[in-house]
Each structure stands twice: as structure tokens, then as C-alpha cells.
Peer 1: 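The structure under discussion is supplied below as C-alpha cells; questions concerning it will follow.
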Number of protein chains: 2
Amino acid sequence: MCSCHGPRHRNCHHQPGNKPERFIQPSLLLCLAEKSSYGYELIEQLGSFRLHSGNPDPGAVYRHLRRLEMEGYVESHWETGEAGPAKRMYTITADGISLLKAWAAELEERKAALEEYLHKYQKLTNK
Amino acid sequence: MCSCHGPRHRNCHHQPGNKPERFIQPSLLLCLAEKSSYGYELIEQLGSFRLHSGNPDPGAVYRHLRRLEMEGYVESHWETGEAGPAKRMYTITADGISLLKAWAAELEERKAALEEYLHKYQKLTNK
DNA sequence: TCATCTATATGCTATTAACATATAGATGTT
DNA sequence: AACATCTATATGTTAATAGCATATAGATGA
């Protein structure tokens, strides 16, 4: 029974299924390492990652992008040529590639940590 | 370059290595499914999990335990017989076992999600 | 004209990890 | 006896973030 109530708790964080996603940053970096892109498109791309159940919050994505730029991991410029409203196109920098690499190592470690946990769980249930 | 400064930012969350641990609850449940235990001992046990880099924050552990009890996933009683100060011994309930099972399924899913991400990363770097 | 789609952005709240500190009984040392 | 240390539990505060709501505006189509 979750102690959370009200409209802000449709996705309560206290139960396993309702995960806080902390993977917006590494996902953005991976997408941008593949090709330059912009917020609206990146939102759709992240939506297809298993790490994100459905499209991520647009607000979160735009804020992450601005921050990554402020910190020098990506660069942006306005693209006005194409159809529709102007897009802010983002390109990953060398620092961004380094950060992505660090994320990959970290996520590899987390995978191993999860495997350890699940192994312990298996050992318990097979007793 | 992280925009975080000051004493509260020795462990900045924005960089891969500085992970927020969101695994105290499932770790506690797994330990308690193995055997009844108490806060101080559980802190040490969690410290040996790869999911936790070093001993977790005692405050966090004690609060998690109280909340798990409030929500019916564990039960506790004071143990005064042994040496040292009294211990609040925790025992997992049937609901707690169910919750643990749900956590295991969720962490299995997260492991798969991480594998997907890392596979994409590998594909990129092998180009 | 109006609705809808594309696109970016900001404001607010709840939750949580991290950090700091408080309390107190038990044990060991001089 | 006095004192430090260890065991054990607990609370107060802050910073960071996910999630939700909302604002803005140009482009497209009916």
C-alpha cells in the first residue's frame, strides 16, 4: 500500500514499476553521437528506448539539452530552412563523446550490480 | 564540467559515477527475506552489495525500514537480550515477499534496458 | 477562421539521496 | 570514577530531479 495520494502521484516512485528515469542524459548523448538532432525528434527517439517507458517529459529533455550545452557537451544552432517551426539543432562535442563513454562504463557497472542482486534473489528462491 | 559547487556537491548527481542509489528498498527486502535483521546490521550488509558503493546512509536505511513497516512489508520488535544497546529486529511479511518479487521483475527489466542501451553504444563504437 | 501539429520553454511540487547532527546505552581503558 | 569509543536508532535540512502543468508561437490543413 502506497502512502501517496492525489493527482501528483499517478506514478508513485515507491513501487518497483514506477521508476524514476535517470537516463535522459546518457540517452541524449547516445542519440547525438549517432547524428545531430533536435529536441522534438530526440523525444521520439528516447521514447523507443527500453530505458524510457514511453516518451520522456518534453520539459525534462529540453532542460537537459540546454544544460548539456551550458556545460560544453553539445553545441546548438537554429535551423530555419525546413518545414515547420525553427528547430534548435544539437551536435555533440568531443567532451560530449568522453561523457558518453563514461556513461557507458557506469551503466555497464550498474548492469553488473543488478546481475549480482538478481543472482542473490535466484539463490534465495531456489532454496 | 559540472555546474555544482560547495560542500553539498562532493557527490554531484550529474556525472555518471555519482549515482543516486535507488536500491535501498529492494536490498533491504532481499536481506530480510534471507533472515530477520536490524538496521545497524543491514547497513553493513547493504555495503557489500555492488548496488551500493560503500555503506549506505544510515538515516536513509532507518527511514526506509520505518516506512516499510508502516506499509506492512516488514514487522519489528525490540530485542534487548543481547550485548550492546537494544536492536529493533525486522522480519519480512508475506506482502514484503510479494514486493520483493515485484522488485526482482522490475530490476530484471532494467537490466534488459541497460543491455539494450549498451548494445546500441557498442554498435556505434564499432562503426 | 480555426483547429491541429510541430517545436521550444518555464513554473511548480513531491520525492529522495546526501549530509549533518542528536540521543543513549554498553563496553573498555586509565 | 571519569572518559572515550562502539553500537544502535533517529531526525532535521538541503540540493537535485522526475513529473506534471502550462505558455508561446510558427506552420499546416480543413
Side-chain angles (χ1 to χ4, degrees), chain A residues 2-15 17-28 37-46 51-70 76-90, chain B residues 2-15 17-27 37-46 51-67 69-70 76-90:
Chain A
C2 179
S3 63
C4 295
H5 303 292
R8 300 244 164 218
H9 291 96
R10 265 172 254 158
N11 292 307
C12 172
H13 289 190
H14 306 139
Q15 296 300 321
N18 306 314
K19 61 180 159 187
E21 312 182 8
R22 240 162 242 266
F23 300 107
I24 293 178
Q25 208 193 72
S27 302
L28 288 175
S37 185
Y38 56 99
Y40 196 82
E41 188 180 52
L42 287 161
I43 289 165
E44 311 263 300
Q45 283 172 32
L46 295 214
L51 279 171
H52 307 273
S53 37
N55 282 12
D57 176 43
V61 170
Y62 288 114
R63 265 190 276 243
H64 269 280
L65 287 169
R66 300 306 292 274
R67 226 187 85 198
L68 283 169
E69 181 167 31
M70 232 177 54
S76 78
H77 67 269
W78 285 100
E79 202 111 310
T80 47
E82 284 115 279
K87 308 162 182 19
R88 193 193 278 271
M89 289 293 293
Y90 285 94
Chain B
C2 179
S3 63
C4 293
H5 304 292
R8 299 247 164 213
H9 290 96
R10 266 173 252 158
N11 292 306
C12 172
H13 289 190
H14 306 138
Q15 296 301 322
N18 306 313
K19 58 181 162 189
E21 311 182 9
R22 241 161 239 267
F23 301 107
I24 293 178
Q25 210 194 70
S27 302
S37 186
Y38 58 99
Y40 196 83
E41 188 179 53
L42 287 161
I43 289 165
E44 312 264 298
Q45 283 173 33
L46 294 214
L51 278 172
H52 308 273
S53 37
N55 282 12
D57 175 43
V61 170
Y62 288 114
R63 265 190 275 243
H64 269 280
L65 286 169
R66 300 305 292 273
R67 225 187 86 200
E69 180 167 31
M70 232 177 55
S76 77
H77 67 269
W78 285 99
E79 202 110 311
T80 46
E82 284 116 279
K87 308 159 177 30
R88 193 192 278 273
M89 289 294 295
Y90 285 94

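Quick note: numbers below take in every heavy atom, side chains included, and nothing from hydrogens, waters or symmetry partners. Letters A, B, ... mirror the listed sequences (proteins, then strands); counts begin at 1. Computed from a predicted model, the values in this text were never measured in an experiment.
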Peer 1: Taking the minimum atom-to-atom distance to the side chain of Ala83(B), which one of dC19(C), dT8(C), dT27(C) wins?
Peer 2: dT27(C)
Peer 1: Take Glu82(A) and Pro85(B), find for each the nucleotide of DNA chain D with the closest heavy atom, and name the residue whose nucleotide sits nearer the 5' end.
Peer 2: Pro85(B)
Peer 1: When you match Ala86(A) and Gly59(A) each to their closest nucleotide on DNA chain C, which lands nearer the 5' end?
Peer 2: Ala86(A)
Peer 1: Between dA8(D) atom C1' and Arg66(B) atom CZ, what is the distance in whole Å?
Peer 2: 13 Å
Peer 1: To the side chain of Lys87(A), which of dT9(D), dC20(D), dT8(C) is closest?
Peer 2: dT8(C)
Peer 1: How close or far is atom C1' of dA7(C) from atom CG of Leu65(A), stated in whole angstroms?
Peer 2: 12 Å
Peer 1: In this structure, how many angstroms lie between the C1' atom of dT16(C) and the CZ atom of Phe23(B), rounded?
Peer 2: 13 Å
Peer 1: Which value, rounded to the nearest 0.5 Å, describes the distance between Asn55(B) atom CG and Gln45(B) atom CD?
Peer 2: 11.0 Å
Peer 1: Taking Ala86(A)'s backbone N and O only, do any of them form a donor-acceptor pair with Glu79(A)'s side chain (distance below 3.5 Å, no angle check)?
Peer 2: no
Peer 1: Using every non-hydrogen atom in the two residues, find where Tyr38(B) and Tyr90(B) come nearest and quote the distance to one decimal.
Peer 2: CA-CD1, 4.4 Å
Peer 1: Please determine whether a side-chain nitrogen or oxygen atom of His64(B) lies at a distance below 4.0 Å from atom OP1 or OP2 of dT16(C).
Peer 2: no
Peer 1: Look up atom CG in Leu68(A) and atom CZ in Arg63(A), then write down how far apart they are to the nearest 0.5 Å.
Peer 2: 14.0 Å
Peer 1: Within this structure, what is the CZ-to-C1' distance between Arg67(A) and dA15(D), rounded to whole angstrom?
Peer 2: 12 Å
Peer 1: Atom CE of Met89(A) and atom P of dA7(C): how far apart are they, to the nearest Å?
Peer 2: 11 Å
Peer 1: Whole angstrom is fine here: how far is it from CD in Glu79(A) over to P in dA7(C)?
Peer 2: 11 Å
Peer 1: If you assign each of Arg63(B) and Gly84(A) to its closest nucleotide in DNA chain C, which residue comes earlier from the 5' end?
Peer 2: Gly84(A)
Peer 1: Nearest 0.5 Å, please: how far is CG in Leu51(B) from CG in Leu46(B)?
Peer 2: 9.5 Å
Peer 1: Respond yes when some side-chain nitrogen or oxygen of Tyr38(B) is under 4.0 Å from OP1 or OP2 of dA8(D), and no when none is.
Peer 2: yes
Peer 1: Is any side-chain nitrogen or oxygen of Tyr62(A) closer than 4.0 Å to OP1 or OP2 of dA9(C)?
Peer 2: no
Peer 1: Quickly work out the Trp78(B) CH2 to dA24(C) P distance and round it to whole Å.
Peer 2: 13 Å
Peer 1: Grab the CG-C1' distance between Asp57(B) and dT14(D) for me, whole Å please.
Peer 2: 13 Å
